Each structure stands twice: as structure tokens, then as C-alpha cells.
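First comes the structure, then the notes that go with it.
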2 protein chains.
Amino acid sequence: MPQKAEDRRIQRTRKGLQDALLELILEKGFDAITVQDVIDRANVGRSTFYAHFQDKEDLLLSGFEHLRTEFERFFMEQTVTDESPWALSLSMFQHAEGHRDLYKALAGKQGGNVALMHIQKYLYVYLLEHLKEQLPKKKKNISPEILTHFIASSFISLLTWWLNNESSYSAAQMNDYFRQLVEPGVNLIMQPE
Amino acid sequence: MPQKAEDRRIQRTRKGLQDALLELILEKGFDAITVQDVIDRANVGRSTFYAHFQDKEDLLLSGFEHLRTEFERFFMEQTVTDESPWALSLSMFQHAEGHRDLYKALAGKQGGNVALMHIQKYLYVYLLEHLKEQLPKKKKNISPEILTHFIASSFISLLTWWLNNESSYSAAQMNDYFRQLVEPGVNLIMQPE
DNA sequence: AACGTAATCGAACATTATGTTCTGAAACGT
DNA sequence: ACGTTTCAGAACATAATGTTCGATTACGTT
């Protein structure tokens, strides 16, 4: 039996609002958008908007959740054995390559930094989990938290640069650059001698 | 002859508004602040505020300009020969250490990212200037722009982490971590063989 | 110490966006 | 075809923005 079918009106309204918001982000940037803009574009009544979302940030995050789910499926499908940060980063560059406008809206300079901080947090949690086991036990070393924060924010930094500069680099190239820049420093810390 | 003396009322008003804004940022974050909050705290008339600043962002940037000037004096005074990125970063960590609240307001998570983007841009311009000469001429390599962007954003990332986590690391320690993480990758690119 | 100037105050005002409430109409799933 | 849920649209209260203006106060200068 299929899960409780959801009213089509609800689906249409939510999708319409999400799409309208993403369009508007690419046009004028998240901060400049008003709820009025969104409901005009989506052709939705004012009271309807507030029946579904608290505010425009809530709407943005609902779109982000959808993307996250989709990325996780994408990631699961292709990764087999490699659990290093570089597998995750490559997948994310590739996923962004395939959904360029969506990623630009959420992670580009137009997107405000709300979604961006969520993406970084997501990476941070994933990486911290996978790095903690591998870290040497020696004291006097960098805390896992700084190390993880550094890797995650470096990735975000390259991703946004890539999205904002319409550069012609491929996802694979971007991941190579990411590794070239970040891996040497990280390896020196993980394997002290 | 001293430069044309500026009306004390102007100085007091501007300083009062800047201080009020910085206090409020530490209390509730830049985004949640209204112009009304600022003029109430500073005890300044509404029309007076708009006689000096366009909006709260304009006010924030005026405070940032002041900080930048002060940092440049600080930097000039102590640096002698070293023109590598690591001299600049050490000075900035030290300057932040000496003006912790001010830096927290401008570069912490409460500060919105307006000032932060200005700081990063400032670093970017400085670094690009100093790195371009040293880059190897080989093709097939990372563009100076990505490399510079990476260094600048890595620094910003560690700085904000440091400010937001009330950590007990010293400025010198933070700069060591910064070098440990960033320098190996950068050196490999700058000296290919 | 007194003068002319310039900054400030505070109130009034138009404008814009927010978020809530309500009623009738339309679309939905069954 | 039926009962239920969602939607549109309008009305409303609230709050912040940015401008204008006349009266008052503090300023630098002489």
C-alpha cells in the first residue's frame, strides 16, 4: 500500500513556492526577496504561504532538505569503498555540476549564508565522525574539531568560488585542486612521523 | 596646523552610534538589530542617525574602516622584513587578540557576514599582490586566484572559529595551526619540483 | 562673553513589509 | 456525489523604514 497520499493542492503549492524562491534568488539574491515577491511569483495567496511556512527562511530550508535527500541517494549509489573526505567532496562537486542552478541558488553568493551554513554543518558532522578514528593519539596536536572545521570550510570555499565564477573547470578538476591544497597539511597532522 | 577641527557633536554622535551597534551585535546579532534599537541605545534622534549614515550596514562599515586603519598601523609597526602571508596572518591574530570584543562583533557569527566579506577581500587583495610574483610560470597549474582565495578563506575560517569558541589558544598558536594546515599544500604548488 | 552657524531633537508623515484572521469558493480523495 | 480540506482575497494590527521641518541646543570663533 502506498503511503498516505498527500493532497495535490499541497504538493503544488509547496513546489510552486520553492521554485519561485529559487528563481528569485538567482535574480536578486535571497536578502532582497520579500514574502510578497514570492507569493506574487508563485501566484499563491498570502494566507496560504503562512499556512505552509513560517517565513522565507523556512521555505529556503525546506528546499535545502529536499536537495540533501537527493544528494544522499546520489552519494550512496556511486561510492563503494572509499570513506575518505575526498570521496564525499568529489560526489558533492559532481552533484553540484549536475544541478548547477540549484546549487548556485543555495550555495552561491546570492543565496544568503543560511543554506551554506547548513551544508557546512552537514560536512562537518560527517567528517568529524570519519576522522576521529584515524587521528593519532598524540597530545600537543590540533584538536579534531579545528581540523574538521578547516577541511569543511575549505571545501565550501572552493565550491562557492566555483559556483560564483562560472569557471569551466570540471567537478573532477575542482576536487583535484581541493585535494592538492588540503591533503598535504592534513596528512602531515594525521601521520606525525 | 591641525586639520580643520571637527565638531564635537559629530564625533560624539558617530562614536555613540558605532559603540551602540557593536554592543547590540554582541547581544543579539547584526541581523536582528533595527535602526530603532541603535538610536535608542545611543540616545540619538532618528533624523540624526540618517544625517550620518544611510542604514545600519553603512554604520557597521564605518566602524570597520576605523578598525582597518588601526590594524594597518599595528602591522606596519611590527613587521620588518617578512612579506609572506604568515606575517600578515600572525599580526591579524595578534590584533584580534588585543581587541577581542571588537573582532567578535565584526567577524564573529553574530556579525552578519558583511564585515567578514570585507576582511576577506582585504586579505585577498594583499595576498594576490604578494603571491603573483612568486608563482611558478608553469602552465597546467592552479590559477593564482583560486590559490589566493583558498589562503584567505582558510584564514578567515580559523579566525572566526577562534572568536566563536572562546578557545584558550594564543594568537601565536592559532597562526601555527594556520601554517601547519595551509603551508604544505601551498608550498607544493609554488615549488613544483 | 556674545555671536552666528551647524547639529540635534522630536514629532509627524508616507511607505512598505509582516503576520493573523475570516469567509466564501474551489479542488480534493473517497 | 459527498464531506473535508485547502485556497484566494480582503481586512486588519503591528512594526520598521526613511524623509521633512521647525524649535532648541551646543559648538567654534572672534
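If you're wondering where the values come from, they're calculated on a predicted model, not measured in any experiment.
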Checklist outcome for this item: Considering only heavy side-chain atoms of A/His52, the closest of C/dG29, D/dC7, D/dG28 is D/dC7
Checklist entry - Under 30°, 30 to 60°, or over 60°: which ring-plane class applies to A/His99 and A/Tyr103, parallel, tilted or perpendicular? => result tilted
Item to check | Separation of C/dT16 C1' from A/Asp40 CG (nearest whole Å) | outcome: 13 Å
Checklist outcome for this item: Side-chain atoms of B/Val44 come closest, of C/dC28, C/dC9, C/dA7, to C/dC9
Checklist entry - Parallel, tilted or perpendicular: which fits the ring planes of A/Tyr177 and A/Tyr169, with parallel below 30° and perpendicular above 60°? => result perpendicular
Item to check | Whole-Å gap separating C1' (D/dA16) and CD1 (B/Ile39) | outcome: 10 Å
Checklist entry - Would you say the side chain of B/Arg46 and the base of D/dG18 hold a donor-acceptor pair, judged only by whether the two atoms sit under 3.5 Å apart? => result yes
Item to check | A/Asp7 side-chain proximity, nearest of C/dA7, D/dT17, C/dC28 | outcome: C/dC28
Checklist entry - If only side-chain N and O atoms of B/Thr48 are considered, is one of them under 4.0 Å from the OP1 or OP2 phosphate oxygen of C/dA7? => result no
Checklist entry - Looking at C/dG10, does its base get a donor-acceptor pair with the side chain of B/Ser47 below 3.5 Å? => result yes
Checklist entry - Cluster question for you: counting only ILVMFWY and a side-chain heavy-atom cut-off of under 4.5 Å, with indirect links fine, are B/Leu22 and B/Val35 together? => result yes
Next on the checklist: Can you work out whether B/Gln36 or B/Arg9 has the more 5'-proximal nearest nucleotide on DNA chain D?
Outcome noted: B/Gln36
Checklist entry - Roughly, in whole Å, what's the span from CZ in B/Arg14 to C1' in C/dA7? => result 13 Å
Checklist entry - More 5' along DNA chain D: B/Arg12 or B/Tyr50, using each one's nearest nucleotide? => result B/Tyr50
Item to check | A/Thr13 side chain near D/dC7 phosphate (N/O to OP1/OP2, under 4.0 Å) | outcome: yes
Item to check | Selection from D/dG18, D/dC27, C/dG19 that lies nearest to any side-chain heavy atom of A/Asp55 | outcome: C/dG19
Checklist entry - Whole Å only: how far is the CZ atom of A/Phe53 from the P atom of C/dT18? => result 15 Å
Checklist outcome for this item: Here the distance between atom C1' of C/dA6 and atom CD of B/Gln11, to the nearest Å, is 14 Å
Checklist entry - Base, sugar-phosphate, or nothing: which does A/Asn43 touch, judged by heavy atoms less than 4.0 Å apart? => result sugar-phosphate
Checklist entry - Can you say whether the rings of A/Phe178 and A/Phe155 are parallel (under 30°), tilted (30 to 60°) or perpendicular (over 60°)? => result perpendicular
Checklist outcome for this item: Quick note, A/Val35 side chain, CB onward, closest among D/dT5, C/dT8, C/dT18 is C/dT18
Item to check | Parallel, tilted or perpendicular, as decided by the 30° and 60° cut-offs, for the rings of B/Phe75 and B/Phe71 | outcome: parallel
